[in-house]
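These notes concern the structure reproduced below.
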Amino acid sequence: MSISQTDRAAAFAPTRGGSKELFDRATAVIPAGVNHALRFHQPFPLYYSRGDGALKYDVDGNSYVDYHLASASLLLGHDPAPVRDALAEAVQSGWAPSVCHDLEVRWAELVAELIPCAELTRFVASGTESTFLAARIVRAHTGRSKIIRLAGHYHGWNDFFMVGLKPPFDQVQSAGVLEDVLAHTITVPSGDREALRSALEGGDVAAVFVEPSGGAWSTVPLSVAEIEAIAEETRAAEALLVFDEMITGFRWAPGGAQERFGVTPDLTTLGKILTGGLPGGAVTGRAEVMERLRPGPGVEDGYVFHFGTFNGHPFPAAAGSATLEIAADGAPQRAAEDHAVALRAAIQEQIAELGIDGFVYGESSTFHIYLRSPDSPAAQPATLEGTSDEELLSIPATIVGALQIELRTRGVDLMSYTGGVTSAAHGEAELARAGEAFGGALRSLRDDRLIATR
Ligand code: PMP
(Lines give C-alpha, C1' and ligand atoms only; values in the text may rest on other atoms or scores of the structure.)
Protein backbone atom coordinates (compact mmCIF):
# COMPACT_ATOMS: atom_id res chain seq x y z
CA MET A 1 0.00 0.00 0.00
CA SER A 2 1.37 3.36 -0.94
CA ILE A 3 1.34 6.06 1.74
CA SER A 4 1.51 9.63 0.52
CA GLN A 5 3.00 12.57 2.38
CA THR A 6 -0.60 13.79 2.88
CA ASP A 7 -1.46 10.49 4.59
CA ARG A 8 1.63 10.88 6.74
CA ALA A 9 0.56 14.38 7.76
CA ALA A 10 -2.92 13.05 8.52
CA ALA A 11 -1.45 10.46 10.90
CA PHE A 12 0.81 13.06 12.53
CA ALA A 13 -1.41 16.13 12.95
CA PRO A 14 -4.51 15.16 14.97
CA THR A 15 -2.72 14.71 18.30
CA ARG A 16 -0.60 17.82 17.76
CA GLY A 17 -3.15 20.63 17.54
CA GLY A 18 -1.30 22.81 20.06
CA SER A 19 1.83 22.85 17.88
CA LYS A 20 -0.22 23.61 14.78
CA GLU A 21 -1.86 26.56 16.52
CA LEU A 22 1.50 27.98 17.65
CA PHE A 23 2.95 27.57 14.18
CA ASP A 24 0.02 29.44 12.64
CA ARG A 25 0.68 32.33 15.03
CA ALA A 26 4.45 32.13 14.39
CA THR A 27 4.15 32.45 10.62
CA ALA A 28 2.50 35.85 11.09
CA VAL A 29 5.42 37.30 13.08
CA ILE A 30 8.56 35.22 12.39
CA PRO A 31 9.95 34.69 8.84
CA ALA A 32 8.95 31.16 7.78
CA GLY A 33 7.71 30.75 11.36
CA VAL A 34 11.11 29.57 12.62
CA ASN A 35 14.34 31.03 14.00
CA HIS A 36 16.65 28.48 12.31
CA ALA A 37 15.93 27.26 8.78
CA LEU A 38 16.28 23.59 9.77
CA ARG A 39 13.60 23.87 12.46
CA PHE A 40 10.80 23.81 9.92
CA HIS A 41 9.39 20.34 9.39
CA GLN A 42 6.38 19.14 7.39
CA PRO A 43 3.54 19.73 7.96
CA PHE A 44 4.48 22.03 10.88
CA PRO A 45 7.25 21.99 13.50
CA LEU A 46 6.61 20.70 17.00
CA TYR A 47 6.54 23.11 19.92
CA TYR A 48 8.17 21.64 22.97
CA SER A 49 7.24 22.28 26.57
CA ARG A 50 9.87 20.44 28.61
CA GLY A 51 12.55 17.79 28.64
CA ASP A 52 13.42 15.05 31.10
CA GLY A 53 16.48 12.84 30.62
CA ALA A 54 16.32 11.23 27.18
CA LEU A 55 12.77 12.42 26.56
CA LYS A 56 11.16 15.67 25.55
CA TYR A 57 7.49 16.60 25.47
CA ASP A 58 5.54 18.75 23.06
CA VAL A 59 2.83 21.19 24.10
CA ASP A 60 0.18 18.52 23.44
CA GLY A 61 1.83 16.14 25.91
CA ASN A 62 3.33 13.73 23.35
CA SER A 63 6.75 12.40 24.32
CA TYR A 64 9.76 11.85 22.07
CA VAL A 65 13.00 9.94 22.50
CA ASP A 66 15.27 12.88 21.85
CA TYR A 67 18.20 12.36 19.49
CA HIS A 68 18.30 16.08 18.73
CA LEU A 69 19.29 17.18 22.24
CA ALA A 70 19.36 20.91 21.58
CA SER A 71 21.49 20.40 18.46
CA ALA A 72 23.90 18.09 20.33
CA SER A 73 24.27 20.36 23.37
CA LEU A 74 22.88 18.03 26.04
CA LEU A 75 25.48 15.33 26.70
CA LEU A 76 23.81 14.61 30.06
CA GLY A 77 20.26 14.62 28.66
CA HIS A 78 17.53 17.09 29.58
CA ASP A 79 17.41 18.84 32.91
CA PRO A 80 20.22 17.12 34.85
CA ALA A 81 19.86 18.11 38.53
CA PRO A 82 23.44 19.41 39.10
CA VAL A 83 23.19 21.70 36.06
CA ARG A 84 19.72 22.93 37.04
CA ASP A 85 20.96 23.60 40.58
CA ALA A 86 24.02 25.51 39.34
CA LEU A 87 21.83 27.58 37.08
CA ALA A 88 19.30 28.25 39.85
CA GLU A 89 22.13 29.47 42.08
CA ALA A 90 23.39 31.78 39.34
CA VAL A 91 19.87 33.17 38.93
CA GLN A 92 19.84 34.03 42.64
CA SER A 93 22.92 36.21 42.08
CA GLY A 94 21.28 38.13 39.25
CA TRP A 95 22.21 38.21 35.61
CA ALA A 96 24.09 41.41 34.98
CA PRO A 97 26.29 40.58 32.02
CA SER A 98 29.30 42.54 30.84
CA VAL A 99 31.00 42.39 34.20
CA CYS A 100 33.78 40.12 35.44
CA HIS A 101 32.67 37.31 37.78
CA ASP A 102 34.03 34.19 39.42
CA LEU A 103 32.02 31.75 37.28
CA GLU A 104 33.79 32.71 34.04
CA VAL A 105 37.19 32.09 35.63
CA ARG A 106 36.22 28.59 36.82
CA TRP A 107 34.72 27.93 33.37
CA ALA A 108 37.96 28.84 31.56
CA GLU A 109 39.98 26.78 34.06
CA LEU A 110 37.85 23.72 33.25
CA VAL A 111 38.39 24.24 29.51
CA ALA A 112 42.15 24.48 30.13
CA GLU A 113 42.10 21.29 32.22
CA LEU A 114 40.16 19.28 29.64
CA ILE A 115 41.05 20.45 26.11
CA PRO A 116 44.66 19.63 25.11
CA CYS A 117 45.33 22.82 23.09
CA ALA A 118 43.62 25.14 25.59
CA GLU A 119 45.95 27.60 27.28
CA LEU A 120 43.86 30.74 26.97
CA THR A 121 40.11 30.84 26.30
CA ARG A 122 37.90 33.73 25.19
CA PHE A 123 34.14 33.23 25.52
CA VAL A 124 31.71 34.45 22.87
CA ALA A 125 27.93 34.42 22.48
CA SER A 126 27.42 31.58 19.94
CA GLY A 127 29.19 28.89 17.94
CA THR A 128 29.07 31.03 14.82
CA GLU A 129 30.75 33.86 16.71
CA SER A 130 33.54 31.49 17.72
CA THR A 131 34.45 30.54 14.14
CA PHE A 132 34.14 34.21 13.15
CA LEU A 133 36.56 35.24 15.89
CA ALA A 134 38.93 32.35 15.14
CA ALA A 135 39.10 33.43 11.49
CA ARG A 136 40.02 36.96 12.56
CA ILE A 137 42.67 35.75 15.01
CA VAL A 138 44.42 33.42 12.53
CA ARG A 139 44.57 36.16 9.90
CA ALA A 140 45.95 38.64 12.41
CA HIS A 141 48.51 36.17 13.72
CA THR A 142 49.85 35.04 10.36
CA GLY A 143 49.34 38.21 8.33
CA ARG A 144 47.84 35.98 5.62
CA SER A 145 44.36 36.29 4.11
CA LYS A 146 43.18 32.89 2.95
CA ILE A 147 41.28 30.26 4.87
CA ILE A 148 41.00 26.64 3.79
CA ARG A 149 37.86 24.78 4.69
CA LEU A 150 37.08 21.17 3.84
CA ALA A 151 34.12 20.32 1.62
CA GLY A 152 31.07 19.31 3.63
CA HIS A 153 32.33 20.64 6.96
CA TYR A 154 30.05 23.11 8.76
CA HIS A 155 31.37 26.12 10.67
CA GLY A 156 28.25 28.16 11.42
CA TRP A 157 26.52 30.75 9.30
CA ASN A 158 29.14 33.47 9.03
CA ASP A 159 30.16 34.88 5.65
CA PHE A 160 33.57 33.18 5.26
CA PHE A 161 32.00 29.73 5.40
CA MET A 162 28.98 30.24 3.12
CA VAL A 163 30.61 28.20 0.36
CA GLY A 164 31.77 24.56 0.47
CA LEU A 165 29.43 23.35 3.21
CA LYS A 166 27.17 21.22 1.06
CA PRO A 167 26.98 20.00 -2.52
CA PRO A 168 27.50 21.48 -5.00
CA PHE A 169 30.52 22.64 -3.02
CA ASP A 170 31.28 25.62 -5.28
CA GLN A 171 27.80 27.08 -4.83
CA VAL A 172 27.37 30.03 -2.46
CA GLN A 173 24.67 29.06 0.04
CA SER A 174 23.33 32.50 0.89
CA ALA A 175 22.45 35.71 -0.88
CA GLY A 176 23.98 38.79 0.71
CA VAL A 177 27.54 37.44 0.99
CA LEU A 178 30.19 39.49 -0.82
CA GLU A 179 32.19 37.78 -3.54
CA ASP A 180 35.25 39.65 -2.27
CA VAL A 181 34.90 37.92 1.09
CA LEU A 182 34.50 34.47 -0.44
CA ALA A 183 37.55 35.08 -2.65
CA HIS A 184 39.59 34.35 0.48
CA THR A 185 37.91 31.01 1.22
CA ILE A 186 39.37 27.91 -0.43
CA THR A 187 37.32 24.70 -0.37
CA VAL A 188 39.35 21.49 -0.49
CA PRO A 189 37.82 17.99 -0.80
CA SER A 190 37.75 16.36 2.64
CA GLY A 191 40.58 13.84 3.02
CA ASP A 192 42.37 14.78 -0.24
CA ARG A 193 45.97 15.30 0.87
CA GLU A 194 47.30 16.33 -2.54
CA ALA A 195 44.59 18.94 -3.03
CA LEU A 196 45.28 20.33 0.44
CA ARG A 197 49.02 20.51 -0.23
CA SER A 198 48.53 22.34 -3.49
CA ALA A 199 46.04 24.79 -1.90
CA LEU A 200 48.65 25.54 0.77
CA GLU A 201 51.47 26.04 -1.73
CA GLY A 202 50.95 29.77 -2.28
CA GLY A 203 52.06 30.58 1.29
CA ASP A 204 49.01 32.82 1.70
CA VAL A 205 46.86 30.52 3.86
CA ALA A 206 46.28 31.67 7.44
CA ALA A 207 44.56 28.50 8.65
CA VAL A 208 42.87 25.24 7.83
CA PHE A 209 39.50 24.77 9.54
CA VAL A 210 38.40 21.18 10.19
CA GLU A 211 35.54 19.40 11.90
CA PRO A 212 37.67 16.58 13.37
CA SER A 213 34.63 14.26 13.35
CA GLY A 214 34.62 14.55 9.58
CA GLY A 215 32.17 16.95 7.91
CA ALA A 216 28.72 17.66 9.38
CA TRP A 217 29.39 15.79 12.65
CA SER A 218 30.72 12.66 10.91
CA THR A 219 28.24 12.52 8.02
CA VAL A 220 31.39 12.58 5.87
CA PRO A 221 33.87 10.64 7.99
CA LEU A 222 37.60 11.39 8.25
CA SER A 223 40.05 8.73 9.41
CA VAL A 224 42.65 9.46 12.08
CA ALA A 225 45.32 9.04 9.39
CA GLU A 226 43.58 11.71 7.30
CA ILE A 227 43.39 14.07 10.27
CA GLU A 228 47.09 13.51 10.94
CA ALA A 229 47.85 14.21 7.28
CA ILE A 230 45.86 17.47 7.43
CA ALA A 231 47.85 18.51 10.52
CA GLU A 232 51.19 17.66 8.86
CA GLU A 233 50.43 19.55 5.66
CA THR A 234 49.13 22.55 7.58
CA ARG A 235 52.23 22.75 9.76
CA ALA A 236 54.56 22.26 6.79
CA ALA A 237 52.97 25.36 5.21
CA GLU A 238 53.30 27.28 8.50
CA ALA A 239 49.55 27.81 8.57
CA LEU A 240 47.47 27.38 11.72
CA LEU A 241 45.25 24.39 12.37
CA VAL A 242 41.78 25.13 13.77
CA PHE A 243 39.58 22.31 15.01
CA ASP A 244 35.92 23.22 15.08
CA GLU A 245 34.91 21.05 18.04
CA MET A 246 31.41 22.46 18.41
CA ILE A 247 29.98 18.94 18.32
CA THR A 248 33.04 16.80 19.17
CA GLY A 249 34.18 18.98 22.09
CA PHE A 250 33.60 17.15 25.41
CA ARG A 251 31.70 14.45 23.41
CA TRP A 252 34.34 12.43 21.51
CA ALA A 253 36.25 12.42 24.84
CA PRO A 254 36.42 14.83 27.80
CA GLY A 255 39.13 16.62 25.82
CA GLY A 256 37.23 16.33 22.53
CA ALA A 257 38.39 14.77 19.27
CA GLN A 258 41.89 16.18 19.81
CA GLU A 259 42.25 14.04 22.92
CA ARG A 260 40.70 10.97 21.29
CA PHE A 261 42.89 11.19 18.17
CA GLY A 262 46.05 12.61 19.73
CA VAL A 263 46.24 15.53 17.28
CA THR A 264 46.51 18.95 18.92
CA PRO A 265 45.47 21.98 16.86
CA ASP A 266 46.57 25.59 17.42
CA LEU A 267 43.04 26.81 18.07
CA THR A 268 39.72 25.18 18.87
CA THR A 269 36.21 26.55 18.58
CA LEU A 270 33.68 25.33 21.14
CA GLY A 271 29.98 25.63 22.01
CA LYS A 272 27.00 23.39 22.80
CA ILE A 273 28.19 21.04 25.61
CA LEU A 274 30.58 23.83 26.68
CA THR A 275 27.59 25.92 27.72
CA GLY A 276 25.44 23.11 29.10
CA GLY A 277 22.88 23.93 26.41
CA LEU A 278 22.71 27.68 26.98
CA PRO A 279 23.68 30.29 24.37
CA GLY A 280 27.42 30.78 23.99
CA GLY A 281 30.72 29.53 22.66
CA ALA A 282 34.47 29.98 22.95
CA VAL A 283 37.75 30.14 21.10
CA THR A 284 40.59 28.46 22.93
CA GLY A 285 44.17 27.61 22.06
CA ARG A 286 47.86 28.31 22.24
CA ALA A 287 48.67 31.33 24.39
CA GLU A 288 50.94 32.90 21.77
CA VAL A 289 48.06 33.00 19.27
CA MET A 290 45.30 33.91 21.74
CA GLU A 291 47.45 36.79 23.04
CA ARG A 292 46.38 38.68 19.89
CA LEU A 293 43.28 39.58 21.91
CA ARG A 294 45.27 41.46 24.55
CA PRO A 295 44.86 45.22 24.04
CA GLY A 296 48.12 47.13 23.86
CA PRO A 297 49.80 46.61 20.53
CA GLY A 298 48.38 48.45 17.58
CA VAL A 299 46.35 46.91 14.79
CA GLU A 300 49.49 46.96 12.65
CA ASP A 301 51.08 44.65 15.25
CA GLY A 302 48.22 42.17 15.05
CA TYR A 303 45.85 43.30 17.81
CA VAL A 304 42.42 41.67 17.37
CA PHE A 305 39.38 43.70 18.38
CA HIS A 306 36.77 41.67 20.23
CA PHE A 307 33.86 43.00 22.31
CA GLY A 308 30.47 41.43 23.09
CA THR A 309 27.87 42.24 25.75
CA PHE A 310 27.00 38.64 26.49
CA ASN A 311 30.48 37.04 26.37
CA GLY A 312 31.04 34.84 29.41
CA HIS A 313 27.50 35.41 30.68
CA PRO A 314 27.01 33.92 34.18
CA PHE A 315 24.19 31.55 33.13
CA PRO A 316 26.10 29.60 30.45
CA ALA A 317 29.16 29.84 32.71
CA ALA A 318 27.25 28.17 35.56
CA ALA A 319 25.48 25.54 33.43
CA GLY A 320 28.62 24.89 31.38
CA SER A 321 30.93 24.49 34.36
CA ALA A 322 28.49 22.12 36.11
CA THR A 323 28.30 20.06 32.90
CA LEU A 324 32.07 19.97 32.35
CA GLU A 325 32.69 18.92 35.96
CA ILE A 326 30.49 15.86 35.38
CA ALA A 327 31.87 15.21 31.89
CA ALA A 328 35.49 15.36 33.04
CA ASP A 329 35.81 11.67 33.95
CA GLY A 330 34.58 10.31 30.62
CA ALA A 331 31.64 8.31 32.05
CA PRO A 332 28.85 10.31 30.31
CA GLN A 333 30.68 10.09 26.99
CA ARG A 334 31.01 6.30 27.37
CA ALA A 335 27.33 5.89 28.29
CA ALA A 336 26.23 8.02 25.33
CA GLU A 337 28.51 6.09 22.99
CA ASP A 338 27.29 2.71 24.28
CA HIS A 339 23.75 3.75 23.44
CA ALA A 340 24.78 4.95 19.97
CA VAL A 341 26.59 1.67 19.26
CA ALA A 342 23.51 -0.35 20.30
CA LEU A 343 21.17 1.93 18.36
CA ARG A 344 23.29 1.73 15.20
CA ALA A 345 23.22 -2.07 15.47
CA ALA A 346 19.44 -2.10 15.99
CA ILE A 347 18.82 0.13 12.96
CA GLN A 348 21.25 -1.87 10.81
CA GLU A 349 19.36 -5.02 11.75
CA GLN A 350 16.09 -3.45 10.59
CA ILE A 351 17.71 -2.31 7.34
CA ALA A 352 18.94 -5.86 6.66
CA GLU A 353 15.63 -7.49 7.61
CA LEU A 354 13.64 -5.12 5.42
CA GLY A 355 16.02 -5.62 2.49
CA ILE A 356 16.78 -1.91 2.25
CA ASP A 357 19.75 -0.73 0.19
CA GLY A 358 21.28 1.53 2.84
CA PHE A 359 23.44 1.51 5.94
CA VAL A 360 23.96 3.05 9.32
CA TYR A 361 27.21 4.61 10.44
CA GLY A 362 28.54 7.31 12.76
CA GLU A 363 31.34 8.07 15.19
CA SER A 364 31.29 8.40 18.96
CA SER A 365 27.75 9.16 20.19
CA THR A 366 26.22 9.91 16.78
CA PHE A 367 24.41 7.95 14.09
CA HIS A 368 23.64 8.62 10.44
CA ILE A 369 21.45 6.57 8.11
CA TYR A 370 22.25 6.48 4.41
CA LEU A 371 19.26 5.72 2.18
CA ARG A 372 19.03 6.12 -1.56
CA SER A 373 16.29 6.61 -4.06
CA PRO A 374 15.03 3.68 -6.17
CA ASP A 375 15.31 6.02 -9.19
CA SER A 376 19.10 5.89 -9.18
CA PRO A 377 19.77 2.21 -9.81
CA ALA A 378 23.15 1.14 -8.49
CA ALA A 379 25.28 -1.79 -9.59
CA GLN A 380 26.47 -2.49 -6.04
CA PRO A 381 24.68 -2.46 -2.70
CA ALA A 382 25.37 0.80 -0.86
CA THR A 383 28.40 0.80 1.43
CA LEU A 384 30.08 3.63 3.29
CA GLU A 385 33.32 3.12 1.37
CA GLY A 386 31.51 3.08 -1.97
CA THR A 387 29.49 6.25 -1.34
CA SER A 388 30.94 9.66 -2.21
CA ASP A 389 30.95 12.65 0.13
CA GLU A 390 28.45 14.36 -2.18
CA GLU A 391 26.11 11.36 -2.01
CA LEU A 392 26.35 11.13 1.79
CA LEU A 393 25.32 14.78 1.99
CA SER A 394 22.59 14.61 -0.69
CA ILE A 395 19.92 12.19 0.49
CA PRO A 396 16.80 13.32 -1.41
CA ALA A 397 14.54 15.68 0.55
CA THR A 398 11.52 13.40 -0.03
CA ILE A 399 13.31 10.57 1.83
CA VAL A 400 14.50 12.83 4.64
CA GLY A 401 11.06 14.42 5.07
CA ALA A 402 9.23 11.09 5.08
CA LEU A 403 11.66 9.48 7.54
CA GLN A 404 11.42 12.45 9.90
CA ILE A 405 7.62 12.62 10.00
CA GLU A 406 7.33 8.82 10.35
CA LEU A 407 9.73 8.95 13.30
CA ARG A 408 8.03 11.93 14.97
CA THR A 409 4.66 10.26 14.61
CA ARG A 410 6.23 7.29 16.43
CA GLY A 411 7.83 9.49 19.11
CA VAL A 412 11.45 9.86 17.98
CA ASP A 413 13.14 13.18 17.14
CA LEU A 414 16.33 13.37 15.07
CA MET A 415 19.07 16.00 15.11
CA SER A 416 18.95 16.81 11.38
CA TYR A 417 18.54 15.03 8.05
CA THR A 418 18.69 11.29 8.86
CA GLY A 419 20.96 11.39 11.91
CA GLY A 420 21.03 12.02 15.61
CA VAL A 421 23.13 12.23 18.74
CA THR A 422 22.76 10.36 22.01
CA SER A 423 23.21 11.33 25.65
CA ALA A 424 24.22 9.68 28.91
CA ALA A 425 20.52 9.61 29.84
CA HIS A 426 19.54 7.28 26.98
CA GLY A 427 18.97 3.75 28.30
CA GLU A 428 17.40 0.39 27.49
CA ALA A 429 13.81 1.67 27.48
CA GLU A 430 14.64 4.34 24.90
CA LEU A 431 16.59 1.84 22.83
CA ALA A 432 13.60 -0.50 22.65
CA ARG A 433 11.22 2.32 21.81
CA ALA A 434 13.53 3.84 19.20
CA GLY A 435 14.31 0.45 17.63
CA GLU A 436 10.61 -0.15 17.08
CA ALA A 437 10.08 3.36 15.70
CA PHE A 438 12.96 3.07 13.23
CA GLY A 439 11.68 -0.35 12.12
CA GLY A 440 8.18 1.01 11.51
CA ALA A 441 9.40 4.16 9.78
CA LEU A 442 11.81 2.33 7.47
CA ARG A 443 9.18 -0.27 6.62
CA SER A 444 6.77 2.51 5.65
CA LEU A 445 9.37 4.17 3.38
CA ARG A 446 10.19 0.83 1.80
CA ASP A 447 6.55 -0.12 1.22
CA ASP A 448 5.99 3.30 -0.29
CA ARG A 449 8.92 2.68 -2.70
CA LEU A 450 10.60 5.88 -1.53
CA ILE A 451 13.89 4.08 -0.88
CA ALA A 452 15.94 1.55 -2.80
CA THR A 453 15.89 -2.12 -1.81
CA ARG A 454 18.51 -4.79 -2.47
N1 PMP B 1 30.43 24.59 13.91
C2 PMP B 1 29.88 23.36 13.99
C3 PMP B 1 30.74 22.16 13.74
C4 PMP B 1 28.53 23.22 14.35
O5 PMP B 1 27.98 21.99 14.41
C6 PMP B 1 27.76 24.38 14.62
C7 PMP B 1 26.29 24.28 15.02
N8 PMP B 1 25.60 23.19 14.60
C9 PMP B 1 28.39 25.63 14.50
C10 PMP B 1 29.71 25.69 14.16
C11 PMP B 1 27.62 26.90 14.76
O12 PMP B 1 27.23 27.02 16.08
P13 PMP B 1 25.95 27.91 16.46
O14 PMP B 1 24.76 27.20 15.90
O15 PMP B 1 25.96 27.98 17.96
O16 PMP B 1 26.14 29.25 15.84
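Computed from heavy atoms alone, side chains included, the values below leave out hydrogens, waters and symmetry copies. Keep in mind that what you see is a predicted model, and the values were worked out from it rather than measured.
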More than 12 foreign heavy atoms under 6.0 Å from [atom1] of [X]: is that the case here?
{"X": "F123", "atom1": "CZ", "result": "yes"}
{"X": "Q173", "atom1": "CD", "result": "yes"}
{"X": "Y417", "atom1": "OH", "result": "no"}
{"X": "E238", "atom1": "CD", "result": "no"}

- S145/R139 under side-chain hydrogen bond (donor to acceptor under 3.5 Å, both in side chains): CA gap, chis, key distance, verdict: CA-CA 6 Å; S145 68; R139 285 173 165 145; over 6 Å; no

- Go through the steps for D266 and R235 under the test salt bridge (Lys or Arg N to Asp or Glu O under 4.0 Å), then give the verdict. CA-CA 10 Å; D266 299 288; R235 299 216 191 294; 3.4 Å; yes

- Item | side-chain hydrogen bond (donor to acceptor under 3.5 Å, both in side chains) between S213 and S218, worked out | CA-CA 5 Å; S213 51; S218 76; 5.6 Å; no

Would you please classify the geometry between the [Y] ring and the [X] ring as parallel, tilted or perpendicular, with 30° and 60° separating the classes?
{"X": "H153", "Y": "H155", "value": "tilted"}
{"X": "Y48", "Y": "Y64", "value": "perpendicular"}
{"X": "F367", "Y": "Y67", "value": "perpendicular"}

With heavy-atom distances below 4.5 Å as the criterion, would you say the side chains of [X] and [Y] are in contact?
{"X": "L343", "Y": "V360", "answer": "no"}
{"X": "M290", "Y": "T121", "answer": "no"}
{"X": "H141", "Y": "E288", "answer": "yes"}
{"X": "E406", "Y": "L445", "answer": "yes"}
{"X": "F209", "Y": "F160", "answer": "no"}
{"X": "I451", "Y": "R372", "answer": "no"}
{"X": "L200", "Y": "V188", "answer": "no"}
{"X": "V91", "Y": "F315", "answer": "yes"}

Identify the two heavy atoms, one from [X] and one from [Y], that lie closest to each other, and give their separation to 0.1 Å.
{"X": "A151", "Y": "P189", "answer": "CB-CA, 4.1 Å"}
{"X": "K56", "Y": "D413", "answer": "NZ-OD2, 2.8 Å"}
{"X": "A336", "Y": "L75", "answer": "CB-CD1, 4.3 Å"}
{"X": "A134", "Y": "V242", "answer": "CB-CG1, 4.4 Å"}
{"X": "A125", "Y": "F310", "answer": "CB-CB, 4.4 Å"}
{"X": "I30", "Y": "V34", "answer": "CG2-O, 3.4 Å"}

- Kindly indicate, with the supporting measurements, whether the criterion salt bridge (Lys or Arg N to Asp or Glu O under 4.0 Å) is fulfilled by R106 and E325. CA-CA 10 Å; R106 175 70 188 130; E325 273 164 8; 3.2 Å; yes

Residue from [options] passing side chain to side chain contact (heavy atoms under 4.5 Å, CB included) with [X]:
{"X": "E245", "options": "T269, T268, I273", "value": "T268"}
{"X": "W217", "options": "M246, M415, E363", "value": "M415"}
{"X": "F359", "options": "R344, Q348, H368", "value": "Q348"}

Residues [X], [Y]: salt bridge by 4.0 Å N-O rule:
{"X": "E194", "Y": "R197", "result": "yes"}
{"X": "R144", "Y": "D204", "result": "no"}
{"X": "R193", "Y": "E232", "result": "yes"}

- Task: Determine whether the aromatic ring centres of F12 and F44 lie less than 6.0 Å apart.
- Result: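 When the ring centroids of F12 and F44 are compared, they turn out to be within the sub-6.0 Å range.
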
Closer than 3.5 angstrom, by distance alone: can the side chain of [X] be matched with the main-chain N or O of [Y] as a donor-acceptor pair?
{"X": "S73", "Y": "A70", "result": "yes"}
{"X": "R408", "Y": "L46", "result": "no"}
{"X": "T275", "Y": "K272", "result": "yes"}

- Task: Step by step, work out the salt bridge (Lys or Arg N to Asp or Glu O under 4.0 Å) result for R433 and E430.
- Result: CA-CA 5 Å; R433 190 171 154 190; E430 287 79 24; over 6 Å; no

- Task: Output the distance between atom CG (L150) and atom CG (L196), rounded to the nearest 0.5 Å.
- Result: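 Those atoms lie 7.0 Å apart.
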
- Query: If you measure from OG1 on T131 to CH2 on W157, what distance do you get to the nearest 0.5 Å?
  - Reply: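 So the gap between those two atoms works out to 10.0 Å.
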
- Message: One pair to check against side-chain contact (heavy atoms from CB on, under 4.5 Å): Q333 and S364. What are the steps and the verdict?
- Response: CA-CA 8 Å; Q333 291 86 349; S364 181; over 6 Å; no

- Item | L324 and F250: CA distance, side-chain angles, deciding distance, side-chain contact (heavy atoms from CB on, under 4.5 Å) verdict | CA-CA 8 Å; L324 298 191; F250 315 106; 3.6 Å; yes

- Task: Would you please test R286 and E119 for salt bridge (Lys or Arg N to Asp or Glu O under 4.0 Å) and show each step?
- Result: CA-CA 5 Å; R286 277 205 289 129; E119 291 176 349; over 6 Å; no

